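Both ligands and their constituent atoms are indexed starting at 1 by order of listing. All of these numbers come straight from a predicted model, not from anything done at the bench.
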Amino acid sequence: MDPTFRPGTLDDLDAAYEVFTRTTADLERRTGTPDAENDWLDPAFVAAFWRRRRPLFEHLTVHANGFWVAERRGRIVGYARASCQDGVRELNEFFVLPEHQNGGIGRDLLARAFPTGGARRRAVIGTTDVRALARYLKAGVYPRFPIYALSGTPRPIEIATDLAAAAAGTEAIDALREIDRAVLGFARDADHAFLLRERPVRLFRRAGRVVGYGYFGRGTGPIALLDPADFPAVLARGEAEAAARGEEEFGMNVPLVNRDAVDHLLGRGFRLEDFTVLFLSDEAFGRFEHYIVSTPDFFV
Ligand SMILES: CC(C)(COP(=O)(O)OP(=O)(O)OC[C@H]1O[C@@H](n2cnc3c(N)ncnc32)[C@H](O)[C@@H]1OP(=O)(O)O)[C@@H](O)C(=O)NCCC(=O)NCCS
């Protein structure tokens with residue numbers, strides 16, 4: 001039976017989450033994760049993730065510019081959700097249930113949610129699943145660099161710096177926008193409004209001028225710095241605070257082109273999670289050597 005397609009709404013959140021979890025469990029299995037270590041097969045983990053991340057999925061829905069679902073027999077079997085901010089269209093989610101994959105549903109979802117027109121740039125943080133990768137390449141976005149989760153047990157550390165760090169709130173939006181335009185090449189006020197509700201942000205100043213920002217708390221990132229040489233001091237500060245809070249893990253999603261962060265974290269014995277995601281875009285843009293991605297990485 002041919003699928004039908006319609007725009008998604010907030011009423012579809014639960015059904016879309018079920019597609020996401022079942023598809024992710026299958027992807028983990030296909031990429032070699034043993035069932036005993038596959039969190040997405042554990043109903044308690046799936047329920048806890050939903051409680052913690054529902055605000056994120058609501059944010060992605062409310063601010064979507066292209067949320068489409070595919071249905072068969074009245075049941076959602078796949079969906080794609082994208083945003084468009086400051087002329088940059090970003091695909092945030094793209095999932096089709098395993099038993100419905102490889103039959104063209106992904107192609108038809110992407111054509112609707114992630115069209116080629118109407119944006120100055122298009123980008124995705126995507127898995128290396130060959131079906132996803134083939135779909136992305138055929139949609140005209142190409143890999144620029146891999147992103148890996150790097151994490152470790154936080155330990156006290158201090159690195160001397162002339163940076164001044166200050167907690168900030170919604171009044172920081174102009175400064176955040178300015179840093180994003182310099183580092184990413186686009187502004188995303190809606191994402192910051194969401195992030196500011198999620199975890200504390202700090203503005204970093206040098207000689208009174210804002211030179212970067214970083215979100216730290218329950219989850220780290222995004223972090224954007226005009227001078228990437230500041231990453232060791234900024235990450236050391238975040239790690240020391242996580243250690244002082246007694247947290248068991250300090251981790252973040254690192255574009256591997258960010259040499260300053262990679263060298264610092266690997267030098268401290270942090271470990272790479274064995275799961276690759278790629279940043280893909282139609283044309284190269286942004287200075288991701290200056291950047292740590294949001295956690296979780298549904299958007300940059
Ligand atoms: C990615 C996903 C949403 C695509 O949906 P889908 O319905 O399976 O996609 P389609 O059937 O439209 O397209 C799959 C394409 O991969 C191609 N493909 C599959 N294996 C391939 C390979 N080894 N080499 C080249 N192309 C390949 C198919 O030929 C097809 O392209 P075509 O239609 O032009 O022939 C779905 O497969 C999925 O949920 N995957 C797991 C989750 C995931 O990784 N999502 C991405 C998150 S960022």
Mind telling me whether F298 and F57 have parallel, tilted or perpendicular rings, with 30° and 60° as the class edges? perpendicular
Only residue of N258, I157, V254, L150 satisfying side chain to side chain contact (heavy atoms under 4.5 Å, CB included) with H264 is I157
Measure from the ring center of Y213 to the ring center of F204 and say whether it is less than 6.0 Å. no
Checking heavy atoms under 4.0 Å, the part of N102 that sits near ligand 1 is both
In ligand 1, the atoms that come under 4.0 Å of a heavy atom of G106 are 5 (O), 6 (P), 7 (O), 9 (O), 12 (O)
Which is it for T127 and ligand 1 at heavy atoms under 4.0 Å: side chain, backbone, both or neither? both
At under 4.0 Å between heavy atoms, what of K138 touches ligand 1? The answer is side chain
Distance filter under 4.0 Å to G104 heavy atoms, resulting ligand 1 atoms: 10 (P), 11 (O), 12 (O)
Closer than 4.0 Å to some heavy atom of L27 - which atoms of ligand 1 meet that? 44 (O)
Does ligand 1 come near enough to F94 that some N or O of the ligand is less than 3.5 Å from an N or O of the residue? yes
Below 4.5 Å, heavy atoms only, C-beta onward: do L184 and F288 meet side chain to side chain? yes
Is the distance between the ring centroids of W68 and Y79 under 6.0 Å? no
Atoms in ligand 1 flagged as close to Y136, the criterion being non-hydrogen separation under 4.0 Å: 46 (C), 47 (C), 48 (S)
Within the 4.5 Å heavy-atom criterion, are F279 and P255 side-chain neighbours or not? no
Region of Q101 engaging ligand 1 - heavy atom pairs below 4.0 Å: both
One finds that the ligand 1 atoms under 4.0 Å from a non-hydrogen atom of R131 are 16 (O), 19 (C), 37 (O)
Give the contacting part of V96 toward ligand 1: side chain, backbone, both or neither, where contact means a heavy-atom distance below 4.0 Å. both
Counting only nitrogen or oxygen atoms and a 3.5 angstrom limit, does G103 reach ligand 1? yes
Within the protein, is there a heavy atom lying under 4.0 Å from atom 10 (P) of ligand 1? yes
Taking NZ, NE, NH1 and NH2 as the nitrogens, is one of them in R245 or E247 under 4.0 Å from a carboxylate oxygen of the other? yes
Which ligand 1 atoms, with their elements, are less than 4.0 angstrom from a heavy-atom of A132? 1 (C), 46 (C)
